[in-house]
Structures are given as structure tokens and as C-alpha cells.
Asks: 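First the structure, then my questions, so here it is.
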Amino acid sequence: MYRTHHCNALRVANIGEQVKLAGWVHSRRDHGGVIFIDLRDREGLTQVVFRPEENAEVAEAAHHLRDEDVIQVEGRVAPRVPGTENPKLATGEVELLPARLTILNRADVLPFPLEAENINEDLRLAYRYFDLRRPQLTRNLRIRHRVAKATRDYLDAQGFLEIETPILSKSTPEGARDFLVPSRLAAGKFYALPQAPQQYKQLLMVGGVEKYFQIAKCFRDEDLRADRQPEFTQIDIEASFVRPEEIYTLTEGMLAAIFKAARGMDIPTPFPRLTYREAVGTFGSDKPDRRFGMQLVDFTDDFRASGFKVFRGVIENGGVVKAIKAKGFAGITIGQVDEMTAIAKNFGAKGIAFIKIENGEWKSPIVKFFSEAEKSALQSRLAIEEGDLVFFAADKWDIACEVLGRLRLRVAEIQGLTKDCEQLDFLWVTDFPLLQFDATENKWNAVHHPFTRPHAEDLPLLEEKRYGQMRAEAYDVVLNGVEIGGGSIRIHEPDLQAKMFAVLGVSENDQQTMFGHLLRAFRLGAPPHGGIALGLDRLVMLICGEQSIRDVMAFPKNNRSQDLMSQSPSEVDPRQLRDLGIKIAEEKK
RNA sequence: GGAGUCUUAGCUCAAUUGGUUAGAGCGCCGCCCUGUCACGGCGGAGGUUGCGGGUUCGAGCCCCGUAGACUCCGCCA
């Protein structure tokens, strides 16, 4: 037996006991005579004291210990010398006086200090197995485990079955780019890794499973972000004979169980709800961060007959005039104005208008065009005060909203409005648009996915080809401005599904080739069904207070989808390629 | 595909306007040190300033190119 206790176990009550500990040399303080070692395992630290007068041989060996050596010590638990107790350690009142020291393994010079912050991430990723020893990452993995366990326990109690679906599956044209896996037995053909178990879980509903869940790995071959990895994990849920209300209640209960288990917190349920129109119109985002105000206020009616031609012209062309008030932001720097203008242009606006309120005066090149009525509308509805700054966007509704929504987030970031904010703001965003027109592809795309059910009352719009006005029975759950999950009620009728495919530009022939199994399944008695998928990585990231999902994954990949530790992806043996019937094309020069 | 920021010792960073031999802390090596917990003291090693080119009497610093990292846009049903 390597150890009788872990390194966070010994207390005053253990004084006098003979114990064995094993772990890593966390730090050493060598006084020439007496030597102190903090011994670490995943549970904590225990001070080990080597004294030459007690055991000269062991003390001599201890002189040669280095950080991160793996050792085993056996000896007596003793009280610390009065006055030298360490209140920072749970084990700080006692220490171990070893009679034996066994070096289980030596550590080389370390690639980076475990204690330090701000280590280059590529270095950390290259030595991930080492980086994982940092208490913060150990804690994150532990929280992740608790989240997964709470999820399983909760869904099990609700009667859901955990069912695995294939990783080798079929490529489909919709959605993200697939990772492809070549087939050896069917040379020239490919499997695809699942972007989500979407079709399988719907087919499980056709199979009469009724309540399914899976903590599922998903794969998407797209460019990465701090909160996106090529492979990630979803809490995937589907149920039959459900309405959105039942999905909301289930999800709220699950998140409550998760936060209770992982953080010991009670979160208030049910969550507030906003429609997509309300969320975008008020916060400029379909995943609004409501922990601070700065809401979008609509002044379209106030400027409909304005003497300011820019605003009036936009409104006459069906656009809107909206504004946000950035409290106390009149001291904006030239550089910040440039940045705000760049944001506005990046999201489709021609520019940005703003008013600074300084020394009781409204400072802006456009304010001279405003009537007294217009000024008073602004004054009262924005509650403008000295030192404030007002941003305007005059454009089509969606552009005006998005521009102000982005400025709102940037201003909040600059002003540190959510820094050290402990608040957890959950909400549902409902009634998403079903379809969105893509001008570059010149076709309609599904906002959620092609299996999403249109609102029953919007079905006539399908026949009228007024696709842009159709609402979906789709919903997202948002926490602090981050989309942590989304789902929908699905189409279960073959005819409606075929119609949707047609609108999305999937030909009759392609429908049969790519989705024939689904359409056939729907002809054999498919129950009404729907579900939701939550991004486990993002959820754990928020629970852990991390800025990147890489910090809550054991072995994440970098921005270019490479594993810097194992150096994957890598070239393969030509024989492997020959077996697969694959030739690498000459690189284009 | 695009934009921005960054790249100097093992790690984190500094280096005035382009100017002497590129520094500091931590780590590493050696010596000393018997109650520390960020132990302390003395000494030492460690650098092609990412790479390539250019401007200049002179480049870590300016210019061009290139590679890489991160953040964002596009993309992510």
C-alpha cells in the first residue's frame, strides 16, 4: 500500500499515528539542517519535515529532492512547533516526521512553473499532462465531473434513458463542415463524424424510446474561438409527446440540479422569457446579457418627420432609429470613438452618431438638426444626465439592433460593468425565425436546423412563400450573454418535412439520398417530439468562471485544431492511404 | 478568407529618440544556512531578440516578407 491517507487528511486528531503519504514535491525549503517539503496530491498539501537529528540518512536523501519529484514518506504525525502552525493549510497544525523516504520517480527541470499565471498557452498545451496538475485545472475537471454526474442523476430520475449513438455516421449538406472518415471496405466512400446526434435522436423517438439523453461528443470542422473546439460535448436530450413548456421545465430543473451539485447554489426558476424580437430589439442580441442596463430605445416615431434628413430618410425607407445611453461615457477617447465606428461599420452600419453631454451641453455635429420635441423625447426616455453619452443607429431594424448591441457589449467591457459580477442571469429566448435568406448563396437557410417545426399559426406563410416571417418552435437558453443551449420541437410529418427540404433547396432526389431514412421513418408512425442540447463545455466554463472552454477540457486543441501535445493531426503511412484508396493531391503553388 | 495584438534566457517580463558588453524576478547549477511555508545569503551558467531580407555608420527597436500564438469578423443547421 502506497499510502494510508491523502495529503489533505491529517489533523490534530491524527497526532502520534504512523502514516504513509505519497505525492509530488510541491515545494521545498532547505535550511541546510532541517528541510521542509510540502507534499501534494490532488486533495491538498501536507508539510513533511526532515530533521537530521531524528534520521540523518533520510534527511540527507531529502536534500536532493526537487520540485515535482514523486515520493512516498512513512512516519509519525506530530504537532507543529508552537507558533509555526500555518492557518492557510487545512493540515497546517500538524506535520509528518518521516522515518522512511522512497523516491518513486524523479522530475526533470520543469518546462514552466506550476504556480505561475500567464504562461503561454501553446506551451501549456504541449505539456498538458503537466499543466493538469495545476489546482485550478484539477478543480475544473472535478466540477465538470460533478456537472456530468448531476445531469445523469437528474435525467435518470426523470425517466430518461442514456443511449449512445454512432460516431461513424453520414455526411449531410446542411450545417457545419463535416469531419470525414474514409472507408476501407467501401473504398472512395466516407463516413462523417456527427455534428450532433440530431437525426439519431429523432429516430430513437420513432423507435418508441420516448425519453432519451446522451452526453455526446460532437464534431464540427469550422474555425475556432475561445468558446469553440472541433470536438466538444453536448448534453443532448429528446422526448416524445412534449410541448416547449415541458422542455423548459425539464431544462430548468436540470440546470438547478447542476448548479446545486457544482456550486452549492440555488438558482431561481422558472427563467424569464423573451421572444427573439424582444431580445434583439431591447438588447441588440439573441443572447442578451441583462446583467447591466443600457437597453436599446426606439425613437423611430419621434424622428419620422425630423429635420435631420439622415434619420428621416432611413425611416422613410422602412428603417428604424434606435439609441443607447452609455452612462458616464462622455469622456470617451478619440481611440475609442474610432473603435466604436469600426464596430458599427463591421456590422453593416454606415457610421455611428453620438452625443456627449458635457458641462450641461449636448455636444454633437447632429444635434443642431434636432427639434425641441425630439430633444425632449431623447432627454426623458433616456434619462440623460451630465457625463452621459448617447449612441444612435439609424438603419434597417436588424442592423441597427446588432450595431447597438455590439456597442453596448463593448462599452460594458470598457466600463467593467460585469467584472466580479456574481449574478447568474438565465433566460429563454423563444420564437426564433424559422428561415433566413442568404444573399451570397441566394437561398433560404434554416436558422436552427431543417427539422425544426414552424409555429402552427405561421404555417399558412409557408404556402404564401413568406418564409422570412415564419417563426419556429425553437428556443435558446442563455446565461450571462452566452448561449448555453438550444432546441426545438421537430417536424414529425413526412410531407411537412419534405416541404421544408424543398424550401431549403434540397432537391427531391437529394432528399431521398440524404434523408430518405428519416422521411421513411416518419411514415411509420412518428410521434410528435422535441428536445434540446446544452453545450457542456460552455456551461462548465461559466460555472468555473473561466474565459475559455480549453480550460475545462482535459486535452483541448489549439486555434488551428492541432493537439500540440501529441502533434496531431499528422501524416500517415502511405500503406494506410493505399488501403483507403486515397492519394494526396499535389500542393498548389 | 479578413482584421487586430503579440513573439527578447527554461518561465514571466524590461531595455529612453535607432547608440557601449541586451537586463530583472522566478527556475536551474554550486556553496552556506536547524522552524520554514513566496525561507534566507553568496557565487555561477544560461541569449542567432521567431525566421528571412532591407534601410542605416549602427537595428531587439524602423520598413518589407514569412512562420507561429491568441482575440474578433466571416463561418459555426
Side-chain angles (χ1 to χ4, degrees), chain A residues 26-39 45-54 59 63 66-68 78 80-89 91-92 95 97 107-127 172-178 194-196 198-199 218-230 232 338-339 342-343 345-348 402 406 409-410 413 432 434-436 438 440-441 444-452 472 474 483 486-488 500-501 504 506 533 535 547-548 550 558-560 562 564:
Chain A
H26 186 68
S27 71
R28 71 202 147 85
R29 297 174 292 280
D30 185 340
H31 288 238
V34 67
I35 303 150
F36 301 94
I37 298 288
D38 285 340
L39 190 65
L45 297 174
T46 300
Q47 176 163 279
V48 180
V49 183
F50 298 92
R51 285 201 292 229
E53 65 270 26
E54 297 225 354
H63 279 300
R66 293 293 176 267
D67 284 356
E68 299 304 318
R80 292 207 183 179
V81 173
T84 66
E85 300 89 352
N86 186 349
K88 289 185 212 160
L89 287 186
T91 59
E95 57 197 21
L97 304 177
D108 275 354
V109 174
L110 309 181
F112 55 88
L114 282 181
E115 297 281 276
E117 313 224 338
N118 303 326
I119 305 289
N120 266 343
E121 198 174 21
D122 49 347
L123 188 72
R124 288 178 49 200
L125 290 174
Y127 293 93
T172 53
E174 295 285 325
R177 191 177 294 114
D178 287 318
Q195 300 171 24
Q198 183 60 36
Q199 290 185 50
C218 305
F219 306 87
R220 295 177 189 175
D221 188 7
E222 296 289 352
D223 288 352
L224 306 186
R225 290 285 189 283
D227 62 354
R228 284 187 346 214
Q229 282 271 302
F232 60 100
D338 290 345
E339 187 190 348
I343 291 173
K345 286 186 174 166
N346 195 19
F347 290 98
E402 173 153 34
R406 295 281 179 169
L409 287 178
R410 181 63 188 132
E413 191 183 348
F432 275 80
L434 181 72
L435 296 160
Q436 191 170 35
D438 185 321
T440 50
E441 285 182 272
W444 288 92
N445 284 330
V447 170
H448 187 51
H449 58 50
F451 317 109
T452 305
E483 178 199 326
S488 61
M500 279 305 308
F501 282 140
L504 294 169
V506 183
Q547 300 297 308
S548 163
R550 293 186 292 266
N558 75 357
N559 242 349
R560 297 180 67 194
Q562 298 165 325
L564 295 176

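Chain naming here is simple, since letters A, B, ... match the order of the sequence lines and numbering starts at 1 in each.
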Asks: Considering Watson-Crick and G-U wobble pairs with both distances under 3.5 Å, what does B:rC6 pair with?
Replies: B:rG68

Asks: With rounding to the nearest 0.5 angstrom, report the CZ to CG distance, A:R550 to A:L125.
Replies: 7.0 Å

Asks: For A:E115, answer base if it contacts any base atom (sugar-phosphate contacts may also be present), sugar-phosphate if it contacts only those atoms, and nothing otherwise; contact means non-hydrogen atoms under 4.0 Å.
Replies: nothing

Asks: Under the 5.5 Å and 30° test, is A:H31 stacked on the base of B:rU36?
Replies: no

Asks: Between B:rU36, B:rU34, B:rC75, which one does the side chain of A:E222 approach most closely?
Replies: B:rC75

Asks: Mind checking who B:rU48 pairs with, Watson-Crick or G-U wobble, both distances under 3.5 Å?
Replies: none

Asks: Please evaluate residues A:E68 and A:L110 with respect to the criterion side-chain contact (heavy atoms from CB on, under 4.5 Å), reporting the C-alpha separation (whole Å), side-chain torsions for both, the decisive distance (0.1 Å), and the verdict.
Replies: CA-CA 8 Å; A:E68 299 304 318; A:L110 309 181; 3.8 Å; yes

Asks: When we call it a touch if two heavy atoms are under 4.0 Å apart, what does A:E53 touch: a base, just sugar-phosphate, or nothing?
Replies: base

Asks: Does a side-chain N or O of A:N559 approach OP1 or OP2 of B:rA69 to a distance below 4.0 Å, or not?
Replies: no

Asks: Would you mind pulling out the nucleotide paired to B:rU36, Watson-Crick or G-U wobble, both distances under 3.5 Å?
Replies: none

Asks: Could you tell me the Watson-Crick or G-U partner of B:rC29, where both distances fall under 3.5 Å? Say none if there is no partner.
Replies: B:rG43

Asks: Please enumerate all protein N or O atoms sitting under 3.5 Å from an N or O of nucleotides 1-9 of chain B, with distances to 0.1 Å.
Replies:
from: B:rG1; atom 1: O6; to: A:D223; atom 2: OD2; distance (Å): 3.4

Asks: Just how far, in rounded Å, is C1' of B:rC32 from NE2 of A:H63?
Replies: 11 Å

Asks: Quick one: does A:N120's side chain have a donor or acceptor within less than 3.5 Å of a partner on A:L123's backbone?
Replies: no

Asks: Using atom types as modelled and distance alone, determine if a side-chain donor or acceptor of A:Q195 lies under 3.5 Å from a backbone N or O of A:R177.
Replies: no

Asks: Please state how far atom CG in A:D227 lies from atom P in B:rC70, giving the value in whole angstrom units.
Replies: 14 Å

Asks: Show your reasoning for whether side-chain contact (heavy atoms from CB on, under 4.5 Å) applies to A:N346 and A:R406.
Replies: CA-CA 10 Å; A:N346 195 19; A:R406 295 281 179 169; over 6 Å; no

Asks: Can you tabulate the close N/O pairs, meaning under 3.5 Å, that link protein atoms to atoms of nucleotides 25-28 of chain B?
Replies:
from: B:rC28; atom 1: OP1; to: A:R28; atom 2: NH2; distance (Å): 3.2

Asks: Could you tell me the Watson-Crick or G-U partner of B:rA24, where both distances fall under 3.5 Å? Say none if there is no partner.
Replies: B:rU12

Asks: Counting any heavy atom closer than 4.0 Å, what does A:A342 reach on the DNA or RNA strands: base, sugar-phosphate only, or nothing?
Replies: nothing

Asks: I need the CD1-P distance between A:I119 and B:rA69, as an integer number of Å.
Replies: 18 Å

Asks: The side chain of A:F112 lies closest to which of these nucleotides: B:rC11, B:rU36, B:rC39?
Replies: B:rC11

Asks: Measuring from the side chain of A:R29 (C-beta onward, heavy atoms only), which nucleotide among B:rU34, B:rA69, B:rC37 has the closest atom?
Replies: B:rC37

Asks: Which of the following nucleotides, B:rC11, B:rC73, B:rC39, is nearest to the side chain of A:S27?
Replies: B:rC39

Asks: If the P atom of B:rC73 is compared with that of B:rC64, how far apart are they to the nearest Å?
Replies: 27 Å

Asks: When rounded to the nearest 0.5 angstrom, what is the spacing between CE in A:M500 and CG in A:L435?
Replies: 4.5 Å

Asks: Looking at every heavy atom in both A:L97 and A:A78, which two are closest together, and how far apart are they?
Replies: CD1-CB, 3.6 Å

Asks: Keeping the roles fixed (side chain from A:E54, backbone from A:P52), state whether a donor-acceptor pair exists under 3.5 Å.
Replies: no

Asks: Phosphate oxygens OP1/OP2 of B:rC73: is one of them under 4.0 Å from a side-chain N or O of A:K345?
Replies: no

Asks: Please determine, for the side chain of A:R228, which listed nucleotide (B:rC75, B:rC70, B:rU36) has the closest atom?
Replies: B:rC75

Asks: With a non-hydrogen cut-off below 4.0 angstrom, is A:D221 in contact with a base, only sugar-phosphate, or nothing?
Replies: nothing

Asks: Closer than 3.5 angstrom, by distance alone: can the side chain of A:T452 be matched with the main-chain N or O of A:L434 as a donor-acceptor pair?
Replies: no

Asks: Give the nucleotide from the list B:rC33, B:rU36, B:rC37 with an atom nearest to the side chain of A:D38.
Replies: B:rC37

Asks: What's A:Q562 touching, base or sugar-phosphate or nothing? Going by heavy atoms closer than 4.0 Å.
Replies: sugar-phosphate

Asks: Suppose we screen for ring pair (Phe, Tyr, Trp, His ring centres under 6.0 Å). Which residues come up paired with A:H63, at least two apart in sequence or across chains?
Replies: none

Asks: Is A:R550 touching bases, backbone alone, or none of the nucleic acid, heavy atoms closer than 4.0 Å?
Replies: sugar-phosphate

Asks: For atom P, what is the distance between B:rG27 and B:rC39, given to the nearest Å?
Replies: 8 Å

Asks: B:rA24 and B:rU66: how far apart are their P atoms, nearest whole angstrom?
Replies: 37 Å

Asks: Check whether any side-chain nitrogen or oxygen of A:R406 sits under 4.0 Å from OP1 or OP2 of B:rC73, and answer yes or no.
Replies: yes

Asks: Do side-chain atoms of A:R66 reach the backbone of A:V109 as a donor and acceptor pair under 3.5 angstrom?
Replies: no

Asks: OP1, OP2 of B:rC72 versus side-chain N and O of A:N346: anything below 4.0 Å?
Replies: no

Asks: Atom CG in A:D178, atom CZ in A:R220: separation rounded to 0.5 Å?
Replies: 10.5 Å

Asks: Can you tell me the pairing partner of B:rU56 across any strand shown, Watson-Crick or G-U wobble, with both distances under 3.5 angstrom?
Replies: none

Asks: Give one of base, sugar-phosphate or nothing for A:Q47, where a contact means two heavy atoms less than 4.0 Å apart.
Replies: base

Asks: B:rU71, OP1 or OP2 - any side-chain N/O from A:Q547 closer than 4.0 Å?
Replies: no

Asks: Taking only N and O in the side chain of A:R560, is any of them less than 4.0 Å away from OP1 or OP2 of B:rG68?
Replies: yes

Asks: Taking the P atom of each, how far is B:rA67 from B:rC28, in whole Å?
Replies: 38 Å

Asks: What is the separation between atom CD on A:E402 and atom C1' on B:rG74, rounded to the nearest whole Å?
Replies: 12 Å

Asks: Let me know the distance between CZ of A:F219 and P of B:rC75, rounded to the nearest Å.
Replies: 24 Å

Asks: Distance check, C1' atoms only: B:rG53 and B:rC11, in whole angstrom units.
Replies: 31 Å

Asks: Just to be sure I understand the rule, does A:L123 reach a base, reach only the sugar-phosphate, or reach nothing, if contact means heavy atoms closer than 4.0 Å?
Replies: sugar-phosphate

Asks: Rounding to an integer number of angstrom, what distance separates B:rC33 and B:rG25 when you compare their P atoms?
Replies: 24 Å

Asks: In whole angstrom, give me the gap between the P atoms of B:rG52 and B:rA45.
Replies: 27 Å

Asks: What interatomic distance, in whole Å, is found between C1' of B:rU7 and the corresponding atom of B:rA14?
Replies: 15 Å

